[in-house]
Amino acid sequence: MAETIAAAPPRPPLWRNVLFRRIVGQVVFAVLLVAAGRELFLNLEFNVAQRAQDLGFGFLNSQAGFPIGEGIEYSTGDPISRAFVVGLANTLRVSALGLVLATILGLFIGIARLSPNWLVRRISQMYVDVIRNTPVLIQIVFWWAAVFLAIPTIQNSLSFFGVAYLSNRGAVIPWFRLESGASTWRWFLLAAVVAAVALWRWRTRRHERTGQPHHRVRWSLGAFVAIAVSGFVLTGTPTDANIPQVLERSYEGGVRFSPEFAALLVGLVIYTAAFIAEIIRGSIQAVPKGQREAAEALGLSRWQQLRFVILPQALRIAIPAINSQYLNLMKNSSLALAIGFPDLAHVSSSIINQRGHEPQMLLLMMGTYLTISLTISVVMNILNRSVAAKGGRR
Amino acid sequence: MSPELRPPGSEEQYEFTGAVGQDAPAVEIAPEAQPQTPGEWIHRNLFSSTFNSVLTVISAAVVVWVLLQLFQFVFVSGDWSVLKANLRVYMVGRFPLDELWRVWLDLYLVMLLVGLSRGVLPRRPWTLRRAVTLAVIAAVAVGLVLYLVESGRVLALLGVAVGIELAGVAIGRIVGPRLRAPLLVAWILAFPVIVIVLRAFGGVKPELWGGFMLNVIVAVVAIFVSFPIGILLALGRRSTLPAVRTFSVGFIELIRGVPLVTLLIFGIFVLPLLLPPGLDLPNIVLAMIMFIVFSSAYTAEITRGGLQGVPDGQYEAAQALGFRYPRMMALVVLPQALRNTIPAMISHNISLFKDTSLLAALGFFSDLLSVASRATRDLEFVGQEAEALLPAGLVFWVVAYSMAKWSQRVERRVGVGER
């Protein structure tokens with residue numbers, strides 16, 4: 001019978017071999033990619049040479065020569081790299097402040113969306129519907145051109161109890177002036193914080209062990225104030241309030257926010273808060289109903305239910321989505337370009353206008369934004385893991 | 001992550017249903033009262049506790065104050081001459097007057113398609129609420145147009161547009177559902193036709209396109225062109241070939257990690273340097289390319305979400321039928337994956353449409369926001385910034401909000417997440 005067995009089927013040709021095809025396919029893809037990249041780079045070299053420029057980064061050390069309206073210390077004689085850092089600091093300042101304020105506002109509106117009060121519910125829903133469906137840039141430009149530049153001139157500044165002023169030159173609020181002895185007082189402040197945290201933990205643990213009321217806010221705050229004030233007196237009152245004054249055409253003293261900064265911050269916060277509110281609402285609704293009922297059965301008040309049962313679980317669900325809103329807020333801060341707030345994008349485009357070197361500046365700018373994005377994501381992921389690790393749903 | 005497992009509200013998701021588990025929501029919106037007297041309703045929804053009463057009084061005061069301010073601004077203190085004088089510029093920018101018929105022709109084409117589609121789609125039942133809403137919207141729209149448009153010719157042309165739309169509805173109703181497939185083709189073909197009408201046969205260069213028309217064109221170009229690119233990138237990201245996957249991941253994450261503004265600056269200043277010398281693309285085309293690039297990355301991520309929602313069994317079944325990769329993807333996997341992405345896709349498209357306002361950040365174009373903020377440079381209109389900017393915001397809001405509402409209905413009809 002052996003004769004009837006068919007001969008082993010012929011080996012399939014090489015070009016039908018899966019492994020072979022995968023390798024060839026990828027090599028072809030890579031070669032095409034490299035060829036395209038090379039072509040683009042050659043074009044770039046040629047075009048840049050035509051403009052009598054180069055692809056190096058040496059220009060960063062040359063004098064910037066243009067003024068920057070606000071931010072950390074800077075003068076027109078500083079190198080371009082310094083101007084870039086000023087822009088970066090402004091981006092970080094507006095983003096950090098924006099993240100905090102947008103979270104607070106969004107949390108409030110998100111909770112209001114689920115209020116048992118019909119009117120409150122409707123108002124917050126209208127806020128979300130209007131704000132989310134209008135471009136953020138129009139909102140920012142509106143705040144800038146129609147609100148902050150339209151308020152009174154500096155001679156007619158709106159005064160708040162004579163210590164803070166608002167005009168189309170920006171807003172000023174009182175701040176602290178540090179004097180000698182301040183550096184010693186800083187250590188007292190640090191000690192006060194440490195003591196407050198330690199007391200908080202001790203009271204919490206004691207409360208958990210014995211069930212006696214913890215009063216941790218009173219304990220911590222008391223310790224903090226006591227240490228801080230005694231240090232303040234011991235070091236000889238190292239600060240005093242720096243109350244702003246209106247001069248002829250400018251403000252003196254205090255901390256000043258430009259109309260551009262105010263418009264960008266307000267626009268970003270109001271826009272992002274609408275998105276965060278929707279996330280909060282969705283997350284609260286995603287907490288199982290039994291949790292609310294259990295809290296109710298324990299006799300917790302509505303506020304206690306929210307504070308101790310619902311929100312801790314809802315925020316855990318919300319964190320990944322809020323992360324992406326934080327990233328959006330940071331990226332949207334680049335809209336400063338449109339209203340002239342000297343952030344990273346604005347300063348970079350000023351440098352391009354003054355000096356050219358477009359490819360290098362774009363590389364730097366995009367790299368920097370990418371780094372900030374990654375940093376926010378990493379921090380939020382750590383936060384996510386730390387709240388998820390306390391047990392619960394996952 | 002399947003769409004069901006996606007974190008709530010990721011990206012700019014418009015309607016988050018909140019259904020993570022099977023559990024009912026923890027905090028329920030109070031159900032609309034049915035067998036109640038108005039007094040009971042008010043007591044339950046507004047004055048159920050001291051805290052609630054205080055809240056009601058305060059928010060009612062705020063609402064009244066805001067409404068009064070708004071009313072006072074719109075009808076008394078607001079000076080809308082800036083809008084009346086710039087109406088055409090708001091709509092089409094610096095489009096040459098002699099060639100405006102091209103825009104009207106395009107408008108009529110779109111209105112016809114809109115009408116036909118409305119006629120063909122299943123009718124929504126009339127409720128009192130819907131009738132009142134529609135009547136109010138129509139009254140406000142007609143009132144606005146009559147107030148703003150002073151030229152009788154333009155009014156007549158607008159009237160023709162409405163007539164064409166209604167005729168389209170009638171034809172759609174008469175012909176019925178068998179018009180659906182041709183209509184889909186017509187919508188896809190409409191876009192190139194619209195551009196040809198504007199551009200070809202001695203038409204108008206893209207540099208002169210402007211106003212709201214430009215925002216719409218840029219958004220539509222980006223949405224249409226980025227769709228296939230996004231699908232390819234998503235397939236690339238899920239590919240088992242390391243070279244392809246690395247490239248896709250790198251591209252998508254790079255684009256998603258930087259602000260759109262920086263991409264647009266890249267498009268205007270660096271993209272021309274990368275292209276062969278002598279190829280002088282107009283700035284608006286460069287901007288469109290960057291919008292396409294931007295949208296592709298986001299479309300890719302949405303498609304990836306949809307692909308992950310397709311069970312492995314579907315792939316295996318397709319392979320068992322002897323399908324190779326292209327047919328497996330095109331005939332089995334993608335149709336299911338894309339169906340799941342419809343809501344996310346629509347909300348991405350709404351965002352993209354809003355993002356076209358970023359053209360104004362660059363200062364090279366005459367899109368809606370640019371012309372609105374430049375309108376007050378005219379000495380005659382100084383100080384009317386609010387009057388100039390609010391209508392621009394309103395136009396975006398009307399389009400975005402109605403698209404969002406529409407997508408909620410589509411979502412319900414398609415029944416995403418119910419299978």
Side-chain angles (χ1 to χ4, degrees), chain A residues 22 25-26 29-30 33 40 43-44 46-48 50 114 116-121 123 129-130 133-135 137-138 141-142 145-146 150 275 278-279 282-292 310 317-318 320-321 324 331-332 334-335 337-338 345 349 352 358-359 362 365-366 369-370 373, chain B residues 7-12 16 18-21 23-27 29-30 45-46 48 52 55-56 59-60 63 241-244 247 254 257-262 265-266 269-270 272-277 354-355 357-358 360-361 369 373 376 383 385-386 389-390 392-393 396-397 400-401 404:
Chain A
R22 285 172 60 95
Q26 294 190 68
F29 182 77
L33 215 58
L40 293 179
N43 285 337
L44 182 69
F46 179 82
N47 285 322
V48 167
Q50 287 257 304
L114 297 166
N117 187 316
W118 180 85
L119 195 60
V120 171
R121 220 157 59 220
I123 294 175
D129 280 348
V130 169
N133 290 303
T134 319
L137 182 57
I138 293 197
V141 173
F142 180 85
F275 286 90
E278 277 305 271
I279 296 169
S283 307
I284 289 179
Q285 286 183 326
V287 174
K289 196 179 182 179
Q291 295 290 319
R292 233 285 297 276
I310 312 245
I317 302 172
S324 98
K331 289 190 276 177
N332 282 336
S334 62
L335 298 177
L337 186 61
S349 76
I352 288 176
E358 294 89 349
L362 258 300
M365 177 165 59
M366 287 179 161
Y369 275 115
L370 212 55
S373 291
Chain B
S10 58
E11 302 309 324
E12 299 199 345
F16 173 61
V20 164
D23 310 293
V27 179
I29 294 175
N45 286 292
L46 297 175
S48 57
N52 251 340
L55 217 56
T56 303
S59 28
V63 169
L241 307 177
V244 178
F247 170 78
L254 171 70
V258 300
L260 176 54
V261 169
T262 62
I265 300 176
F266 179 90
F269 290 110
V270 179
L273 298 176
L274 293 173
L275 297 173
K354 290 192 299 171
D355 283 340
S357 62
L358 262 62
L369 179 55
S373 45
T376 48
E385 284 80 14
L389 287 169
L390 279 177
F396 274 104
W397 180 80
Y401 184 69

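In what follows, every heavy atom counts, from backbone to side chain, and hydrogens, waters and symmetry copies are set aside. A, B, ... follow the sequence lines: proteins, then strands. Residue 1 opens every chain.
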#### Entry: B/W397 side chain vs A/D129 backbone, donor-acceptor pair below 3.5 Å
yes

### Message
I'd like to know which of B/L389, B/L275, B/L274 tops the heavy-atom pair count under 4.5 Å against chain A.
### Response
B/L274

### Query
So do the side chains of A/L114 and A/Q285 get within less than 4.5 Å of each other, counting heavy atoms only?
yes

## Note on the structure
Heavy atoms of A/E358 and B/F269 approach each other most closely as CG-CB, 3.6 Å

### Task
Specify the closest pair of heavy atoms between A/T134 and B/G393, including all atoms of both residues, with the distance to one decimal.
CG2-O, 3.8 Å

### Minimum heavy-atom distance B/A243-A/F29, with the two atoms named
O-CE2, 3.9 Å

### Task
Side chain from CB out, backbone as N, CA, C, O: work out which of these in A/L137 comes under 4.5 Å of a heavy atom of chain B, or both, or neither.
both

### Query
Mind checking whether A/N47 and B/P272 have side chains closer than 4.5 Å, heavy atoms only?
no

### Query
For A/F142, which residues count as a ring pair (Phe, Tyr, Trp, His ring centres under 6.0 Å) partner, sequence neighbours excluded?
none

### Message
Please classify the contact of A/L40 with chain B as side chain, backbone, both or neither, using a heavy-atom distance under 4.5 Å.
### Response
both

### Message
Counting heavy-atom pairs under 4.5 Å with chain B, which one of A/S349, A/A338, A/A30, A/A145 comes out on top?
### Response
A/A145

### Message
Shorter than 4.5 Å, heavy atoms on both sides: which option in A/L119, A/V120, A/V48 has the most such pairs with chain B?
### Response
A/L119

### Task
Let me know if A/M366 has heavy atoms under 4.5 Å from chain B in its side chain, its backbone, both or neither.
both

### Task
Output the option from A/V141, A/N43, A/L335 having the highest count of non-hydrogen pairs under 4.5 Å with chain B.
A/N43

### Query
Is chain A contacted by the side chain of B/P242, its backbone, both, or neither, given a heavy-atom distance below 4.5 Å?
both

#### Entry: Per-residue contact mode, A/L370 against chain B (heavy atom under 4.5 angstrom)
both

#### Entry: Contacting region of B/L369 [heavy-atom separation from chain A under 4.5 Å]
side chain

#### Entry: Least distance between heavy atoms, A/A345 atom then A/L337 atom
O-CD1, 4.1 Å

### Task
Find the one option among B/V258, B/V270, B/V63, B/L241 whose heavy-atom pairs under 4.5 Å with chain A are most numerous.
B/L241

#### Entry: Which of B/L260, B/L254, B/T262, B/I265 touches chain A most, by non-hydrogen pairs under 4.5 Å
B/T262

